Amino acid sequence: MINIVGLNKQQLKGFTTSEDFQKFPFAPTSSFREISHIHNPRAGENDILLFLAYDDDELAGYFGILPDDLTLANGEKIHFGWLSTLFVSENFRGMNIAPQLLFAAEKAYSKNLIVTEFTPSAERLYRKIGMFEDLLTKKAIRYYFKSNLAELLPSKKEIYEKNKRWLKRFDNLVNIFIPYLGKNKNHLYKISKSTDQNLEKFISRQQKNPIGRSAQEFQWMLDFPWLSTEKEQPNYLFSSFSKTYDMFWVSVYQNQEIAAAMLCSVRNGHLKVLYYFGNLNLIAEILPKIIRKYKVKMMTIYDDALNSAIAKNKTPKALYKRPLERKYMIHKAFRKKMGKDFDFNFTDGDGDFSFT
C-alpha cells in the first residue's frame, strides 16, 4: 500500500543528515534545497515542502513544492505552490504513485498549483489526470556569443552526446579566437551580492508583477541557491552542482543615481537575467560588459520587452540566435478562482528558475 508523507519546514530541517535519508536508495532532495526551503520567507510553517511516497517502508518517489504568493490589485495575497520536482523510482512504475503525489499536493495547497519547466513525460501526466490546463507560453531567444557546440549538437543526435567532451574541447579551443562582438557603452555600473539602502529604495519604487518580490526576498534567493560549486548531492536526479555559478545584482547609474537594475545568474557560461527594473535601454546597453566580465557563452531571455530592447539597441551582438519557449500550466480550479482576465505576467526568474 502506498503511503504519502508530507514534510513542512520543521520536519524538513535536518532531513538530509538523518539516518533515514542516508538509507534511501535515491535522494528525494538535496541539502541545498532543504536549507533554501526552510528559509523561504513565503513558506508558511505548515506548508508541505516535500512529499514522500512509501511502499510499506521503502521510498518509492517524491514531489517537491516551492510556496509563493500572488498579489491582487487590492493588495490581497493568494498563496500557491510551484510544482518543482517529481520523481518515481523505476521499481515502482505502474503503481499510480505520481498521481497520488499530485493529489496530495492538490489537497495541501487547496488546488492552488502552477507548473513550468516540465519534461514531456511530466506534461503527459498532467494532461492525463485532467488536473491542469494551459496557462501561457513565453517565447524566448537564446543568444550565442561563443562556440557552444557541446550544448547545441547533443540535442540533435545521440552520437554527439557520446562525444560531448570532445565538443567541449573544440569549443574551448576555437573560443580563444572568437571575440565578443559589439561596442561597450560607457555606463557606470556596480555589481553586488546584496542590496544596499539605495538599491532597496529603487526596487521598492518600481512597478511589480503579481509575484512582486521585495529586496529582502531577493536576498533569500542570493543567499540560498540550489546549486553548489563544491559538492554534488549523491543519488539526486535534479540539479545540485555546477562547475561555476554566480548570482548577483547589476546597478546602472545616471547622474549618480540608480536608473536601472537587474538580478542575474551565470552558470557554466550561461547568463540569465532573472529580474530587471528601471530603464530598459540601459539594461540592454550594460549587458555586453557583463557578458565580457563573466566570459558568457550564451544568454537566454524570455522577456519580450528586453529582447526588443536588445534588437533596437543592436547590443549585445550574438554569433547565433535561436528561439525557445517555456510553457506554464495551472490547476483548473485555481485558474477559475483567479478569473480568466487575471494577468499573471511572470518574469524570467519566477518559479524555481532562479535557483538553478
Side-chain angles (χ1 to χ4, degrees), residues 1-70 77-89 91-93 95-119 122 125-126 128-132 220 224 226 233 235-240 329-334 337 351-352 355-356:
M1 180 178 178
I2 301 300
N3 181 35
I4 307 295
V5 176
L7 304 181
N8 59 25
K9 279 187 176 184
Q10 186 60 38
Q11 295 162 331
L12 191 62
K13 190 175 183 179
F15 178 60
T16 57
T17 58
S18 66
E19 289 186 15
D20 287 343
F21 188 89
Q22 307 308 318
K23 295 177 182 177
F24 288 148
F26 53 89
T29 189
S30 72
S31 58
F32 319 111
R33 295 193 187 219
E34 174 194 302
I35 295 171
S36 183
H37 280 303
I38 291 171
H39 286 85
N40 181 355
R42 296 195 175 186
E45 294 302 319
N46 295 320
D47 280 344
I48 302 301
L49 308 174
L50 181 65
F51 294 89
L52 304 173
Y54 291 92
D55 182 19
D56 292 330
D57 294 328
E58 190 172 356
L59 183 65
Y62 58 86
F63 189 24
I65 300 284
L66 179 65
D68 209 340
D69 295 314
L70 286 168
K77 292 188 180 298
I78 306 296
H79 199 54
F80 75 100
W82 291 96
L83 280 59
S84 183
T85 55
L86 175 60
F87 174 74
V88 175
S89 170
N91 297 332
F92 298 93
R93 302 282 168 86
M95 297 177 63
N96 210 38
I97 292 175
Q100 291 184 63
L101 286 164
L102 283 167
F103 291 138
E106 179 186 49
K107 182 178 180 181
Y109 283 83
S110 303
K111 302 181 179 181
N112 293 356
L113 299 172
I114 298 177
V115 58
T116 187
E117 294 289 299
F118 41 79
T119 64
L125 171 65
Y126 300 146
K128 181 179 178 180
I129 63 176
M131 185 185 296
F132 294 90
W220 156 66
F224 301 103
W226 294 353
Q233 182 69 53
N235 301 318
Y236 188 53
L237 179 66
F238 298 92
S239 297
S240 65
M329 299 180 75
I330 187 171
H331 194 288
K332 292 179 178 179
F334 190 25
K337 181 190 299 184
D352 61 8
F355 297 90
T356 57

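Everything quoted here is computed from the prediction, not taken from an experiment.
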>> Check this for me: K107, atom NZ, are more than 12 non-hydrogen atoms of other residues, nucleotides or ligands nearer than 6.0 Å?
In response: no

> Any idea which heavy atoms bring F334 and L70 closest together, and the distance?
Replying inline: CZ-CD1, 3.8 Å

> Which heavy atom of H331 sits nearest a heavy atom of K111, and at what distance?
Replying inline: CB-O, 3.1 Å

> Per the ring pair (Phe, Tyr, Trp, His ring centres under 6.0 Å) rule, which among W82, F224, F32, W220 passes with F355?
Replying inline: W220

> Within a radius of less than 6.0 Å around NZ of K77, do more than 12 heavy atoms belonging to other residues, nucleotides or ligands occur?
Replying inline: yes

> Got a sec, which residues hit side-chain hydrogen bond (donor to acceptor under 3.5 Å, both in side chains) with H37, two or more places apart in sequence or on another chain?
Replying inline: none

> Aromatic rings F118 and Y126: how do their planes relate, parallel, tilted or perpendicular, breaks at 30° and 60°?
Replying inline: perpendicular

> Counting only heavy atoms not in N235, do more than 12 sit closer than 6.0 Å to its CG atom?
Replying inline: yes

>> Under the rule for salt bridge (Lys or Arg N to Asp or Glu O under 4.0 Å), what residues qualify as partners of R93, not counting sequence neighbours?
In response: none

> Heavy-atom distance under 4.5 Å between the side chains of Y62 and L101, does that happen here?
Replying inline: no

>> Run the salt bridge (Lys or Arg N to Asp or Glu O under 4.0 Å) test against D68 and tell me which residues pass, sequence neighbours left out.
In response: R42, R213

> Which of these passes side chain to side chain contact (heavy atoms under 4.5 Å, CB included) with L102: L125, L113, V115?
Replying inline: L125

> Hey, which of S36, S30, S31 is the one that makes side chain to side chain contact (heavy atoms under 4.5 Å, CB included) with R33?
Replying inline: S30

> At their closest point, which heavy atom of Y54 faces which heavy atom of D56, and how far apart are they?
Replying inline: CB-O, 3.5 Å

> When rounded to the nearest 0.5 angstrom, what is the spacing between CD1 in I330 and CZ in F80?
Replying inline: 8.5 Å

>> Measuring from atom CG of L12 to atom OG1 of T29, what distance do you get when rounded to the nearest 0.5 angstrom?
In response: 6.5 Å

> Which distance, rounded to the nearest 0.5 Å, do you find between the CD1 of I38 and the CD of Q10?
Replying inline: 8.5 Å

> Closest heavy-atom contact between N112 and I78?
Replying inline: ND2-CG2, 3.9 Å

> Minimum heavy-atom separation for I65 to P67, with atom names?
Replying inline: O-CD, 3.5 Å

> What's the spacing between T85 OG1 and E117 CD if we round to 0.5 Å?
Replying inline: 13.5 Å

> Distance from W226 atom CH2 to Y236 atom OH, nearest 0.5 Å?
Replying inline: 7.5 Å

> Shortest non-hydrogen contact from P28 to L50?
Replying inline: O-CD1, 3.6 Å

>> Working to the nearest 0.5 angstrom, can you tell me the gap between L83 CG and E106 CD?
In response: 10.5 Å

